[in-house]
Amino acid sequence: MSPEENPEENPEQSPAQSPEAKVPERPPPERRTPERRSRKARRTRDTLAQAAFELVLDRGLRYVTVEEIAEAADVDRRTFSRYFASKEAAALDSLRGDGDRINEALRSRPAGEPPLLAYRRAVLAWLADPEAEPWHRRPRIFDLLTVAEEEPTLYAAFHHIRVDAQEDSIAIVADRLGVDPRHDIRPAVTVAAGAGALLAAQAAWVRGGRPDALPALVTEAFDALSADLLTAPSAPQGRDSTTEHTAEEATS
């Protein structure tokens, strides 16, 4: 038998290859499938959220249906419902990651820093980070939050997003203080104060009509969280305290 007819003597035609010639093994399908599914699910969610975001801003919340959002994302209604409970939740989904970014910054603050100061600096760090695309740097977020101020159901959905982020913030502050938030009220009070300052700044931001003013308003809001709020207000500047005192005596 010639070498061409004998596979054992012709390595080019032999089905058994040498170890060096083996093709690298591919990961088994069961290992790759969950990762692919996760990426696909993330893309589907992002596509739905972007479609809802654009439709709500372009046409108004009440003039957009879930079916139209699903159609714009090239999926059916059932697929939409697997990712979002409502069109409001879908339109606001891009805001959910901002609470995560603030909490990530809060975790990285120095351990000895007072908790409310740490929260303030975490918020300001998020606002100053261009890669995080904070609200005043992200296209149309100002418009979205303006609509949320006018639409009760959209505002309620935004409230749920804030509450979720604040629960994580409370856990972080409790860990920093070394306390159990179920029995120590300080973490909840800290987060309520800090988140309240951010909310007040956000409301003033959208009502003021100045998209670039958010960082200054947040600083102003946190500055207002001082002991001055717990003391009697001083007499307004420019008033004659003697005249005021005389008037009070005259009416007594």
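Heavy atoms of other residues, nucleotides or ligands lying less than 6.0 angstrom from CD1 of I185 number 12 at most. Within 6.0 Å of CG in D74 there are 12 or fewer heavy atoms belonging to other residues, nucleotides or ligands. Counted within 6.0 Å of CD on E104, heavy atoms from surrounding residues, nucleotides or ligands total 12 or fewer; the atom is thus considered open.
Heavy-atom minimum distance, I69 versus A52: CD1-CB, 3.7 Å. Across E67 and R77, no two heavy atoms sit closer than the pair OE2-NH1, 2.7 Å. Across A72 and A51, no two heavy atoms sit closer than the pair CB-CB, 4.0 Å. Pairing each heavy atom of F80 with each of A70, the nearest pair is CB-CB, 4.4 Å. Listed here is the closest heavy atom pair of D93 and A49: CB-CB, 3.8 Å. A201 and A221 get closest at one heavy-atom pair: CB-CB, 4.1 Å.
With R59 as reference, L55 is the one residue of V56, L57, L55, L61 to meet the side chain to side chain contact (heavy atoms under 4.5 Å, CB included) rule. Of the options D212, V218, L214, a side chain to side chain contact (heavy atoms under 4.5 Å, CB included) to W205 is made by L214 and by none of the others.
In this pair, W135 and W126 present their aromatic rings perpendicular. The plane angle is above 60°, beyond the 30 to 60° band. Y155 and F158 have perpendicular rings, their planes meeting at more than 60° on a 0 to 90° scale where under 30° would count as parallel.
Under the 4.5 Å side-chain heavy-atom criterion for grouping Ile, Leu, Val, Met, Phe, Trp and Tyr, L177 is connected to L225 within one hydrophobic cluster. Note: the hydrophobic cluster containing F142 also contains L217 (ILVMFWY, side chain heavy atoms under 4.5 Å, direct or indirect links). By the rule that hydrophobic residues join a cluster once side-chain heavy atoms approach within less than 4.5 Å of another member, L198 and V206 end up as members of one cluster. A continuous path of ILVMFWY side-chain contacts below 4.5 Å connects V173 to V123, so both sit in one hydrophobic cluster. Cluster membership check: Y119 shares its hydrophobic cluster with V179, using side-chain heavy-atom separations under 4.5 Å among Ile, Leu, Val, Met, Phe, Trp and Tyr.
Residue pairs meeting the salt bridge (charged side-chain N to carboxylate O under 4.0 Å, His left out) criterion with at least one member in residues 126-138, sequence neighbours excluded: D98-R138.
At least one side-chain heavy atom of L144 sits less than 4.5 Å from a side-chain heavy atom of L95. Using a 4.5 Å cut-off on side-chain heavy atoms (C-beta onward), D58 and R140 make contact.
One finds the CG atom of D100 at 8.5 Å from the CZ atom of R96 (value rounded to the nearest 0.5 Å). From I170, atom CD1 reaches atom CG of D175 across 13.5 Å, with rounding to the nearest 0.5 Å. Rounding to the nearest 0.5 Å gives a distance of 8.0 Å between CG of L145 and CG of L92. Once rounded to the nearest 0.5 Å, the distance linking CD1 of I102 with CD of Q166 reads 9.5 Å. The structure places CZ of R207 at 10.5 Å from OG1 of T146, a figure rounded to the nearest 0.5 Å. Interatomic distance, F53 CZ to I141 CD1, rounded to the nearest 0.5 Å: 4.5 Å.
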task = Any chance you could lay out the side chain to side chain contact (heavy atoms under 4.5 Å, CB included) test for R162 and H159, step after step, and finish with the verdict?
result = CA-CA 5 Å; R162 293 199 311 270; H159 173 72; 3.3 Å; yes
Worked verdict on L124 versus L127 for side chain to side chain contact (heavy atoms under 4.5 Å, CB included) = CA-CA 5 Å; L124 293 176; L127 290 171; 4.2 Å; yes
message = For a side chain to side chain contact (heavy atoms under 4.5 Å, CB included) check, start with the C-alpha distance between L154 and E149, then their side-chain angles and the critical distance, and finish with the verdict.
response = CA-CA 8 Å; L154 199 61; E149 288 284 327; over 6 Å; no
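A salt bridge between R82 and D76 is absent, with no side-chain N of the basic residue lying under 4.0 Å from a carboxylate O of the acidic one. Using a cutoff of 4.0 Å between basic side-chain nitrogens and carboxylate oxygens, E68 and K87 are not scored as salt-bridged. The residues D168 and R107 are annotated as not salt-bridged, no charged nitrogen and carboxylate oxygen being separated by less than 4.0 angstrom.
With hydrogens and angles ignored, the 3.5 Å screen pairs a side-chain donor or acceptor of R176 with a backbone N or O of E113. Of the possible polar contacts, none joining the R109 side chain to the A122 backbone as a donor-acceptor pair under 3.5 Å is found.
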